[in-house]
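These notes concern the structure reproduced below.
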There are 2 protein chains.
Amino acid sequence: MATIRDIATRTGVSTSTVSRALNGSGYVAPATKQKIMAAVHDLDYVPSALAQDLSSGSAHNIGVVLPHMDHPYQTQLIKGIMTAAFASKYRVTLLPTAYDDETEVGYLEQLHRNQFDGLIFTSHGLPLSTLAHYQQYGPIVMCEHPETTDLAAVYSQRESTYREVFHWLKAQHADHLALLSYRPESRSATTQATMKAYRSVFNDAKPTTQFLTAVMTYEDGYRVGSQLTSAKYVLTDGDDVAAGVRQYLLDHHLPVPLLIGQENQLTGRLLGISTIDHHFETVGHEAFLMATGKLGKQRRVGIPSEFIIR
Amino acid sequence: MATIRDIATRTGVSTSTVSRALNGSGYVAPATKQKIMAAVHDLDYVPSALAQDLSSGSAHNIGVVLPHMDHPYQTQLIKGIMTAAFASKYRVTLLPTAYDDETEVGYLEQLHRNQFDGLIFTSHGLPLSTLAHYQQYGPIVMCEHPETTDLAAVYSQRESTYREVFHWLKAQHADHLALLSYRPESRSATTQATMKAYRSVFNDAKPTTQFLTAVMTYEDGYRVGSQLTSAKYVLTDGDDVAAGVRQYLLDHHLPVPLLIGQENQLTGRLLGISTIDHHFETVGHEAFLMATGKLGKQRRVGIPSEFIIR
DNA sequence: ATAACTTGTGGAACGCGTTCCATGGCAAGA
DNA sequence: TCTTGCCATGGAACGCGTTCCACAAGTTAT
């Protein structure tokens, strides 16, 4: 591997001159530059990214912390982040946690170690105070609406849309609801937003409602289908889940309730299931900009979400 | 940011001793080690990943070159790679190309620059000879079966499964086939394998067959549905595409042909569409091992794929 | 003609850990 | 007692590019 010193020696100039010639900074005589470029070409020299990173103190790398690789909610978000990163000189590293707190701490430590310039959290297992503590080492951006104001965040304005959904249900005097989510209210901002909207809309005239958790995939939906035989309205975390519920009920010749999915996935479109589009691609895009400081001092960005009735 | 020198000064030892204490290499007196650990704790010291990378000459980073973020084919592959990387100390960086050759060259240059220890190609736009040329800078692993033997590869053994599919079709005297793929034969190993199997099975008794390209998504499938009104058997690149074709025909009250998808996606299961599972998660896993040199000198691994009739 | 620039280039320090080599103390074996 | 050999630690070089500072030569302004 040729180094900048090799170029310097071969050309008979100093490394500073080579560096200046390569970066176009400072003064270099045209003739010198030509000689340098020739040597660079001859020796197949390319500056080491490792050395440049150390020198600049940044790895030009943003980490994206996510629970699973296969949760549909992530796909659009990641796409938005990647598209934005692609346009700048940054790279993006995907960091799956499998909801393991130690792993999550590991990534935060890597922020401390300058492995990452910033972290984007699509979901988190650790307490927010822990995350806030690590902010001293670099920007941390949440993709959920955190209760505390200590953390920067770009999030879908779920709650107002959930209220819209519940108002819509209320208007048709809906009863026998079922709310399916992946994580319990205590551990998930999404579930919290859902419940908050639910309580505020129905207030003291709550319909009969089932609450199920640990439901994330099509299979999960199919699995809990047996518990939903008396439900008339079902709101799920993703369209895939709704599809699973529907399939179970169809397979057992049971009536299919009115299904409302989320994420506007293909399955929902395919089966004509109403959905909520949280515009996660936009969320991801903005989160990247915030993590790289391109959004100025702004630390809070809400993206409106959309209720699609089918 | 505290450095190893800060620790050394504060403890009254040399940086070498601190380094040894931290890494557990070489001799360090227990008392010295304790003092060092105390200082490390007091100063909130963490070794800089940037400096370690430069010193070790490796970023512990594997890049995954892929065309799009949303091609279903990638999801499982990436999952397999990530799972394997997660178990080791490596990180994985996703590198989308949008089939732009310049971008692809950019990533190869980053391999040269030691930004990556190795690259995994899930798809490629550049000629194989170009890729082979960059092997001198680090391991490059293809996830397709390349024609040349110059490149290391982990791939799904598509061709034999395609032959199985065509034999199955031949056995029922299938006629009016349609083969839908994303990229033309000249630019895609997948399409090449399909065509090779097609020719070898039907030989000179080829059925009437339509060939369509540039079909990748559900929407694409729906779009080309109008051209498939006389097809009796349709083989597509992914189950989503098959679902699109099916939907178009249903919407227009036209007969739905026998559909065979690929990738064993949820949509296929949902709609009872036969499919081919290429076991891409396994492919990804093995590709990672090969890229990090954990597979020894092996440069060729084939993973059997599976025809699932529904 | 002299001060004040501008241009071109080199030297050395810096960023931060790792590692090879050397040195010194001390105990066990010959 | 002398030689090995283990233990503990320091010094310095290394990996590689960047950047500040200084210096020299040539140019322009005063």
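Protein chains get the first letters and strands the later ones, always in sequence-line order, with residue 1 at the start of each. Keep in mind that the numbers below use all heavy atoms, side chains included, and drop hydrogens, waters and symmetry copies.
Residues A:G12 and A:Y27 each lie close to DNA chain C; by heavy-atom proximity, the contact nearer the 5' end of the strand is made by A:Y27. Nearest-nucleotide assignment on DNA chain D puts the 5′-proximal partner with B:V28, out of A:L54 and B:V28.
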Enumerate, atom names and distances included, each donor-acceptor pair closer than 3.5 Å involving a side-chain atom of residues 50-66 of chain A, sequence neighbours excluded.
residue	atom	partner	partner atom	Å
A:Q52	OE1	B:R113	NH1	3.4
A:Q52	OE1	B:R113	NH2	2.8
A:S56	OG	A:Q52	O	3.1
A:S56	OG	A:D53	O	3.3
A:S56	OG	A:S58	N	3.3
A:S56	OG	A:S58	O	3.3
A:S58	OG	A:H60	N	3.0
A:S58	OG	A:D117	OD1	2.9
A:S58	OG	A:D117	OD2	3.1
A:N61	OD1	A:T93	OG1	2.9
A:N61	ND2	A:T93	OG1	3.2

Tabulate below the donor-acceptor pairs under 3.5 Å that side-chain atoms of residues 288-298 of chain B make, not counting sequence neighbours, or state none.
residue	atom	partner	partner atom	Å
B:T292	OG1	B:F288	O	3.0
B:T292	OG1	B:L289	O	3.2

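Not a single donor-acceptor pair, N or O on each side, falls under 3.5 Å between the base of C:dG17 and the side chain of B:R20. Donor-acceptor pairing under 3.5 Å, judged by distance alone, is present between the side chain of A:S16 and the base of C:dG11. Side-chain atoms of A:R5 and base atoms of D:dG15 include no donor and acceptor less than 3.5 Å apart.
Within a heavy-atom distance below 4.0 Å of DNA chain C, the residues of residues 55-62 of chain B found are B:S55.
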Working for side-chain hydrogen bond (donor to acceptor under 3.5 Å, both in side chains), residues A:T17 and A:S14: CA-CA 5 Å; A:T17 304; A:S14 68; 3.2 Å; yes

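Nucleotide D:dC14 holds its P atom 14 Å from the CG atom of A:D6, rounded to whole Å. Atom NZ in B:K33 sits about 15 Å away from atom C1' in D:dT9, given to the nearest Å. Atoms NE2 (B:H112) and C1' (D:dG17) sit 15 Å apart, rounded to a whole Å. Rounded to a whole Å, the CG atom of A:L50 is 14 Å from the C1' atom of C:dT18. Computed from coordinates, the A:I4 CD1 to C:dT9 C1' distance equals 14 Å when rounded to whole Å. Across the protein-nucleic acid pair, A:Q52 atom CD and C:dC16 atom C1' stand 17 Å apart, rounded to whole Å. Rounded to whole Å, the distance from CG on A:N23 to P on C:dT9 is 16 Å. Between B:D53 atom CG and D:dG17 atom P there is a gap of 15 Å when expressed in whole angstrom units.
Cation-pi geometry between A:R183 and A:Y99 is met: under 6.0 angstrom from the ring centre, within 45 degrees of the axis.
A close approach under 4.0 Å does not occur between any side-chain nitrogen or oxygen of A:S48 and OP1 or OP2 of D:dC16. The side chain of B:S19 contributes no N or O atom lying less than 4.0 Å from OP1 or OP2 of C:dG17.
You'll find that the side chain of B:T15 is closest to C:dT18, out of C:dT18, C:dT9, C:dC16.
Note that NE2 of A:H112 is 4.0 Å distant from OH of A:Y137, once rounded to the nearest 0.5 Å.
For B:Q135 (side chain) and B:D150 (main-chain N/O), a donor-acceptor pair under 3.5 Å exists by modelled atom type. Judged by distance alone, the side chain of B:H124 and the main-chain N or O of B:L126 form a donor-acceptor pair under 3.5 Å.
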